[in-house]
Each structure stands twice: as structure tokens, then as C-alpha cells.
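Structure, as C-alpha cells:
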Amino acid sequence: MSINSHLSSPATIAALKTLYYDGLLNDTLPFWIDNCVDHQYGGFTICLGQDGAVIDTDKGIWSQGRFTWLLSTLYNEVETKQEWLDLAKHGIDFIRMYGFDEDGRMFFSVTQEGKPLRKRRYIYSEAFTVAAFATYANAAGDEQIKKEALSLFRLMQHYLSEPGLLDPKVIPETRSLKGLAIPMIMIVTAQTLREALDDPTECNKVIDDSISEIERDFMKPEFKAVLESVTQEGEFSDHFDGRMLCPGHAIEAAWFILKESIYRNNDEKLQKLGLTILDWMLEWGWDKEYGGMLYYRDVKGLPVQEYWQDMKFWWPHNETIIATLMAYTITKDDKYAKWHQKVHDWAYDHFPDPEYGEWFGYLHRDGRISATLKGGIWKGPFHFPRMQLECWKLLEQLTK
């Protein structure tokens, strides 16, 4: 569906609200509920083909957390529907039973029955489990789950703050890099946990520290870009990893910061920071030849090493649609309405599956479908339904 007028038009706002809201509740959510709930072994089988058939029974722990978070959030923010709360509990039970190793850290993936398969050096399973536990705790009034969420959040900080506890990506004595994804994920994890706690102090400090790290170390005014990796000191590393930009990641961080500015009574400094990141990375990310958001760019304009660098993935488009709409609701600047329309139209012209619903995840640069799967170890019921929910809420606020 193409939207042919700007967000100042009540008709456009009404059409978009219907598109996002109905798409979430009548297309995206039923696709996943009907196909991924594992009634035999618990949890969710996320690896689905185009028609929703299970094509691999292994279960990513972060996917269990993400869908549990979504179901709990819908219960908290849309409708107190018992089916959603019961399914969220279904996810909680599987994560608690099979997600944790003996050291308190979490597995990345397990078999259908819950046997451990893979454990990574990252803390993303923990991050999405904190989000799931905290949001479910609010939905169910479960104080024990709230305590477990806070305990896991503190364990994440411990592993991130103590050198050597997490295996490094490269030999640190030779070259030590850090990634944008860590402060980015810590912002949103703390924001989500904060909603379940009486005292926001601990979460606010993590948010402040993470935003400061992004501004200080990853934002490079000389390039008008946010780098994906920098040295531990925040310096530019003139190698493939150090030159790489991931516009979708940076734009996701931008709207987390913008959301924090709203939480803090429209904090102008945070607004300016989030908008600057968004402005820079829209220019880097938009494909001026074919349209859509490119996956990777080299900050010096050199060739990018990763072979999927010019593909169009679903999630950067989801994050950009949220960020541009949020920027417009804050500023009423028509340039963000135009960006939102441009990215929205390209995405809705290329990703939706008219036959079975939901979105394809992986397109070639020119918009042709690369793979028909709807779910895998990376794609699941998260970025797309989160976009639909966030945009519907933003448009509700815009209407008011």
C-alpha cells in the first residue's frame, strides 16, 4: 500500500493507523501463533517456510525471548487477552527450563527438546530474556520473574565490565575493537526493564552511560556517520571492520535515543543527538539507484567485505520506518514525513507476501526475493511486529 500524501493529512494518518494495527493483529500475529507454538516440547519453533510450515525445529533462545516480549507487550498495551498471556507464559517456561547454562549465562540455540546446541560470546540471549521477563512480570504481576529479570540484567553488566569474561572477537593484544550493538542493546534493555521496576535509577544510569558511549566513541562528525566498530578507546580503525557502517543498527539506536528524549520530558539534547544520527545514516543507508536501505557501507567508500552488503533485509526498513515517524512526531519537520513515506512505500511494495501473509526477510538489491523463508535463526516475530506496534502508537499520539 502506497501512501500518497504527507503525515499532515488526517486521511494519511488514518490509513497508516489501519495498515499497521490491522496488519499486526490480523496478519503478522496470527501467522506466528498459528504456526510456531510447540505444544509438544514447549517454546516456539521459529524457523518457518513461506507458508508457515516448520522447516527446522531448532530454537534460538533470543527468538523465544523476543516473541515472549511481544506477546506480553501486546497484553500490556493493546488488549488484556488471555491467549496472549498464556502464550507468553509458554515462552517463559521454556526459557527458564532450557535457556540457561550452569554459569548463569544463556545458550544461543537449543534443539526442539531443549538440549543445548550453541553458546556465543555475545549477551543478546540475555538481553531479550530480560525484556521478556520484565514485560511478562508486568503483565502477570509476577514478582519472582521481575527479580530474575533484574538479576540477569546485572549479570549482563558484570560480563560486559570485566575484561576476559566474554571471549574477544580478535586477539586484544593485537587489536581490540568494540561494537555499536552493545550500547545500543543496553539502552533498550534498560528501557524495557525500567517499566517493571519501582526505582528507575539503576536503569537510567545504564541508559546514560550507553548513550554517552555512542556519542563519544561511535559518532564521527568527520564522516557524518556512526561506525559499527571502533577501538576500545573509541578511535577509528582503518580496516574492514573499522570502516564498516550498518545504517539499520545506527538508525535503531537513533530511535531508542529519541524515545528516551520523550521519556525525559522532551529532552532537547537527546532529541538533537537522535536526530543527528538519523540524518547521517539515512544518507548513508538509502540506495539511490534501486531504493530501499542498504545493509552495509564503507565509510571511505571502499568495497565492503561482506557479500550481503548490498542486499535489502527486512529489519533495517522496519527500524527506519519507526525512526522517521518518531522524528516527525517530535519535530513536525516535513523532511521526516517524506523520508517515512519513501521508506514505507519501498518496503510495503517489496517485502509483504500477498499469498501467505507476513513479510519476506531477504531481498536482492533490486527488490527481487532472495529467500522465501519467513523465520530462521535471525528473523522471527520481532522487528516487523514491533514496527507495526510502535508506529500505530506514534500515530495515535499524532492524532491526539
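Not one N or O on the side chain of W286 forms a donor-acceptor pair closer than 3.5 Å with the backbone of V343. A donor-acceptor pair is defined here as one N or O able to donate and one able to accept, closer than 3.5 Å; such a pair exists between the side chain of R105 and the backbone of R120. With hydrogens and angles disregarded, no donor-acceptor distance shorter than 3.5 Å links the side chain of T329 to the backbone of L398. The main-chain N or O of G42 is found under 3.5 Å from a side-chain atom of K59 such that the two form a donor-acceptor pair. Remark: the backbone N or O of Y21 is not paired with any side-chain donor or acceptor of Q388 at under 3.5 angstrom. Remark: the backbone N or O of Y136 is not paired with any side-chain donor or acceptor of D142 at under 3.5 angstrom. Judged by distance alone, with hydrogens and angles left aside, the side-chain atoms of K312 form a donor-acceptor pair with the main-chain N or O of R365 at under 3.5 Å. In this structure a side-chain-to-backbone donor-acceptor pair under 3.5 Å is missing from H317 to G292. Side-chain atoms of E126 never come within 3.5 Å of backbone atoms of L152 as a donor-acceptor pair (strictly under, hydrogens ignored).
Side-chain N/O atoms of Q112 and D38 include a donor and acceptor closer than 3.5 Å. For the residue pair Y336/D279, the side-chain donor-acceptor check at 3.5 Å is satisfied. Between W84 and E79, the side chains place no donor N or O within less than 3.5 Å of an acceptor N or O (distance only, hydrogens not considered). Defined by atom type and a distance below 3.5 Å, a donor-acceptor pair is present between the side-chain atoms of H344 and Y20. In summary, the side chains of E195 and Q191 do not present any donor paired with an acceptor at a separation below 3.5 Å, with no hydrogens or angles considered.
The nearest pair of heavy atoms linking D27 to G357 is OD1-CA, 3.3 Å. L177 approaches S237 most closely through the heavy-atom pair CD2-CB, 3.9 Å.
The distance from atom OG1 of T320 to atom CH2 of W339, rounded to the nearest 0.5 Å, is 9.0 Å. We find the CZ-CZ distance between R194 and F153 to be 10.0 Å, quoted to the nearest 0.5 Å. In this structure, the separation between OG on S125 and CG on D101 is 11.5 Å, given to the nearest 0.5 Å. The CD1 atom of I262 sits 7.0 Å away from the CG atom of L394 when rounded to the nearest 0.5 Å. Here the NE2-NE2 distance, from H364 to H350, works out to 12.5 Å after rounding to the nearest 0.5 Å.
Aromatic rings from F384 and F351 are positioned such that their centres are separated by 6.0 Å or more. A centroid separation of less than 6.0 Å is found between the aromatic rings of F44 and H90.
Considering W378, Y295, W314, W308 as possible partners of Y362, the one that fulfils the ring-ring contact (aromatic ring centres under 6.0 Å, His included) test is W314.
Using bins of under 30°, 30° to 60° and over 60° for the plane-to-plane angle, the ring pair F133/F100 lands in the tilted bin.
Taking the charged nitrogens against the carboxylate oxygens, E228 and R297 have no contact shorter than 4.0 Å, which rules out a salt bridge. The pair E283-K224 fails the salt-bridge criterion, with no side-chain N (NZ, NE, NH1 or NH2) lying under 4.0 Å from an Asp/Glu carboxylate O.
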* Assess whether side chain to side chain donor-acceptor pair (under 3.5 Å) is satisfied between E358 and W32, documenting all intermediate values. => CA-CA 9 Å; E358 237 273 357; W32 290 101; 2.7 Å; yes
* So F382 and W69, ring-ring contact (aromatic ring centres under 6.0 Å, His included) or not? Walk me through it. -> CA-CA 9 Å; F382 181 66; W69 167 84; 5.6 Å; yes
